[in-house]
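Below is one structure, written out as structure tokens, with a few remarks after it.
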Amino acid sequence: MQLLSEQELLRRQKLDELRNLGIEPYPAELFEVNVSAEDIQKNYERRKIDYKDISIAGRIMGVRVMGSAAFLELQDATGRIQTYFRRDDLCPTEDKTLYNTVFKRLLDIGDIIGIKGYVFTTQTGEITIHVTEFKLLSKALRGLPIVKREIDEQGNEKVYDAFENPELRYRRRYVDLIVNPEVRETFRKRTRIVKVMRDFLDDKGYLEVETPILQPLYGGAAARPFKTHHNTLDMTLYLRIANELYLKRLIVGGYDGVYEFAKDFRNEGMSRFHNPEFTQVELYVAYKDYNWMMDLVEEMVEKIAIALHGSTQVKVGENVIDFKRPWKRFTMYGAIQHFTGVDVAKMDEAEMRVAAEKLGIRTDDSMGRGKLIDEIFGEHCEKKLIQPTFIMDYPVEMSPLAKKHRSEKGLVERFEAICNGKEICNAYSELNDPIDQRKRFEEQLELGKRGDSEAMLLDEDFLRALEHGMPPTAGLGMGIDRLAMIMTNSNSIQDVLFFPQMKPEPKTENATTEDYKAVGVREDLIQVVMKLGYLTIEELKKANANKLHNDVCGMRKKMKLENVKNPTPEEVAAWLA
RNA sequence: GAAUCUGUAGCUCAGCUGGUAGAGCAUAACACUUUUAAUGUUGGGGUCCCGGGUUCGAGUCCCGGCAGGUUCACCA
């Protein structure tokens, strides 16, 4: 049972009043819409004749009543439009109920209405709909945060009473989307990113596929999984951490290009860059290598920037990032030399450990050469790479699915694109030598035995697929969330996920309607009893009967519940019996 | 996991060295037929996140918890 605020109670009373007037607050039939707010704003001035008989629906976002005329802000999916209501138009006869009562008193900010009318321009120059008919389509029982916006002389928008509490915004994204238009826009951009990619990959003739999310073995990345159980098969299943191994099986099967936009799940820490479920696009193309893939990534991301911003330049925080091709390319050794002045290429593990210590890295004996390189890079290079940059040729130890470098010993043909100090994609010339692949898996198993909880498992069926022969293949994984953060200038992954993962809201342990009824409290009095602070039956039972009767009658009056009858003293005494 | 900040009206936030809880918006009533953060007047509205403690007295101080933000760690 919810404890309702004054404003919520009032709106419920309005619901009854509407029904008493014969108005259904939640009508079943459709409302024909023939125009959008954006359409009117954009095209009215040029084609006035087309806006003489319009029908539009949306949410009331603001009301300015001036006696027998009123302005009301209507918001639909495309934006806002001002509407003008005049009593004498809506109520040509003596009966002014429709305007005075229904419109002025029973409609609220947040309600969804449909209107018919014609467009005109007010004296102050605002394009406005003169309303000839309106219909309530859905009554809102909760008030919205009222965000007010003003455009100053410089054309800058000033926002008053912004709805910006992050917890509420994420938990109640529907409210966030209603009152913060820039949030709606962010998610439109996110969808646009995916659409541009999909069109780009489809144009090249690659096949969009779906592969299992529930996997008997998790693989394709180094991460801890979520574990679940299938009852009928009585077996453990894991939510995928990547789909790499399945897509490669499809390349073995003879498709020469496959891709999937995949939700992946990793049971690890959360931060402004990490959500337990996130989206990646993975792409595998036969007969290509990582050099070819770098060109593709540049081309695709440049296209996305242009599609979203009309330019290759994107403002992200303090920086302007330019995605214009070609991007800078460094080998990992080259990047380390460039940023630290240290040439690690020829060092063995011992020399490198010394070098790392000198660069302020805490090392220990478990760290091999690959790990040391990765630490140095992470500490001294990655954060400094603001403009999009490819880092190529990683140590073999960290890349068990990548092909050995064609000329450099100890390295693999792998690259990441770094942008704004963070990885946005990861790609290899894929390892297709089944014997080498088995060896690499075995090394991972060894790491797992030594306690690395993220070491990869050996996937025997995947190896069998490789043994059938996989063509040389270039593979790519690109994080959609991270890319969306950059492309929408968002500081947190939570701002590009509609419903980021949160701990559940603490439960209120109030008694239920049934609990109250069980001790004899009439349903319409429950609100009153709760308002008095008796939120559990236990507390209620402790009350003094006379005082409780007095309090209930007083509170009923205070809450202006005219339709609710006061309880008799005997009735109240019976609750406590 | 650690550090740190935050939690007060439907929303955004004040609240000093502890003394009966405040503003703006929203809401209610009245006025107002082209306003736009509409305006004017008058009201109502609070489990100060939860639980302990100190105190004559706690929104405020102390301890513990819950939720959230940020940074770090982890996570390629």
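Chain A is the first sequence line, chain B the second, and so forth, proteins listed ahead of strands; every chain is numbered from 1.
- Across all strands shown, B:A14 remains unpaired; no Watson-Crick or G-U wobble contact has both distances below 3.5 Å.
- B:U34 atom C1' lies 15 Å from atom CD1 of A:Ile129, rounded to whole Å.
- For A:His274, there are no ring-ring contact (aromatic ring centres under 6.0 Å, His included) partners at least two apart in sequence or on another chain.
- One interatomic measurement links the two molecules: CG of A:Asn426 to P of B:A76, which rounds to 11 Å at whole-angstrom precision.
- For the C1' atoms, the distance from B:A3 to B:A76 is 25 Å, rounded to whole Å.
- Judged by a 6.0 Å distance limit and a 45° cone about the ring axis, A:Arg414 is positioned over the six-membered ring of A:Tyr394.
- Looking at which nucleotide of RNA chain B each of A:Met456 and A:Asp108 is closest to, the 5′-most match is held by A:Asp108.
- B:U33 and B:C11: their P atoms are spaced 35 Å apart (whole Å).
- Not a single donor-acceptor contact under 3.5 angstrom links the side-chain atoms of A:Glu6 to the base of B:A28.
- For an aromatic pair to be called close, the ring centres must be under 6.0 Å apart, and A:Phe85 with A:Phe134 satisfies this.
- If you check every strand for non-hydrogen atoms under 4.0 Å, A:Phe120 touches a base.
- B:C5 sits 24 Å from B:C48 when the P atoms are compared, rounded to a whole Å.
- Residue A:Arg12 contributes atom CZ, which lies 14 Å from atom P of B:G10 at whole-angstrom precision.
- Between B:C62 and B:C16, the two P atoms lie 14 Å apart (nearest whole Å).
- Between B:G15 and B:A21, the two C1' atoms lie 8 Å apart (nearest whole Å).
- A:Glu382 pairs by the side chain to side chain contact (heavy atoms under 4.5 Å, CB included) definition with A:Phe377, A:Ile418, A:Glu423, not counting sequence neighbours.
- Here A:Tyr290 and A:Tyr428 keep their ring centres 6.0 angstrom or further from each other.
- Using a cut-off of 4.0 Å between Lys/Arg side-chain N and Asp/Glu carboxylate O, A:Glu164 and A:Arg169 are scored as not salt-bridged.
- Taking atom P in both B:U47 and B:G57, the straight-line distance is 24 Å, to the nearest Å.
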Would you tabulate the nitrogen or oxygen pairs shorter than 3.5 Å linking the protein to nucleotides 68-74 of chain B?
unit_1 : atom_1 : unit_2   : atom_2 : d
B:G68  : OP1    : A:Lys503 : N      : 2.9
B:G68  : O4'    : A:Glu167 : OE1    : 3.0
B:G69  : OP1    : A:Gln494 : OE1    : 2.8
B:G69  : OP1    : A:Gln494 : NE2    : 3.1
B:U71  : OP1    : A:Arg272 : NE     : 3.0
B:U71  : OP2    : A:Arg272 : NE     : 3.2

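- Atom P of nucleotide B:G1 and atom CG of A:Asn267 are separated by 13 Å, given to the nearest angstrom.
- If you check B:A28, B:U33, B:U27 against the side chain of A:Gln7, the one that comes closest is B:U27.
- Whole-Å rounding puts the A:Arg172 CZ to B:G10 P distance at 11 Å.
- In summary, the aromatic rings of A:Phe339 and A:His380 are positioned with their centroids too far apart to meet the 6.0 Å limit.
- A donor atom on one side chain and an acceptor atom on the other are not found under 3.5 Å apart for A:Tyr84 and A:Gln82.
- Going from the P atom of B:U71 to that of B:U60 covers 29 Å, rounded to whole Å.
- In this structure, A:Gln280 places its CD atom 12 Å from P of B:A76, rounding to the nearest Å.
- The side chain of A:Thr128 approaches B:U35 more closely than any other nucleotide in the set B:G10, B:A76, B:U35.
- Taking atom C1' in both B:A14 and B:A9, the straight-line distance is 13 Å, to the nearest Å.
- Computed from coordinates, the A:Glu8 CD to B:A26 P distance equals 18 Å when rounded to whole Å.
- Nucleotide B:A28 forms a Watson-Crick or G-U wobble pair with B:U42, both donor-acceptor distances falling under 3.5 Å.
- Between A:Asp111 and A:Arg59, none of the side-chain N atoms (NZ, or NE/NH1/NH2) sits under 4.0 Å from a carboxylate O, so this pair counts as no salt bridge.
- In this structure, B:G57 forms no base pair with any nucleotide, since neither Watson-Crick nor G-U wobble geometry is met with both distances under 3.5 Å.
- In this structure, the CG atom of A:Leu144 is 13 Å from the P atom of B:A26, given to the nearest Å.
- Legend: residues meeting side-chain hydrogen bond (donor to acceptor under 3.5 Å, both in side chains) with A:Glu150, ordered by chain and number and at least two apart, are A:Tyr160.
- Residue A:Lys14 is in sugar-phosphate contact alone, with no base atom involved, counting any heavy-atom pair closer than 4.0 Å across all strands shown.
- B:G1 is paired with B:C72 under the criterion used here, namely a Watson-Crick or G-U wobble arrangement in which both key atom distances are under 3.5 Å.
- Considering only residues two or more places apart in sequence or on other chains, A:Thr124 meets the side-chain hydrogen bond (donor to acceptor under 3.5 Å, both in side chains) condition with A:Thr122.
- In this structure, B:A67 forms a base pair with B:U6, meeting either the Watson-Crick or the G-U wobble geometry with both donor-acceptor distances under 3.5 Å.
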Pairs under 3.5 angstrom, nitrogen or oxygen only, protein versus nucleotides 36-42 of chain B, please.
unit_1 : atom_1 : unit_2   : atom_2 : d
B:U36  : O4'    : A:Arg64  : NE     : 3.3
B:U36  : O2     : A:Glu126 : OE1    : 3.0
B:U36  : N3     : A:Glu126 : OE1    : 2.6
B:U36  : O4     : A:Thr124 : OG1    : 2.1
B:A37  : N6     : A:Tyr160 : OH     : 3.3
B:A38  : OP1    : A:Lys148 : NZ     : 2.6
B:A38  : OP2    : A:Arg64  : NH1    : 2.8
B:A38  : N6     : A:Val65  : O      : 2.5

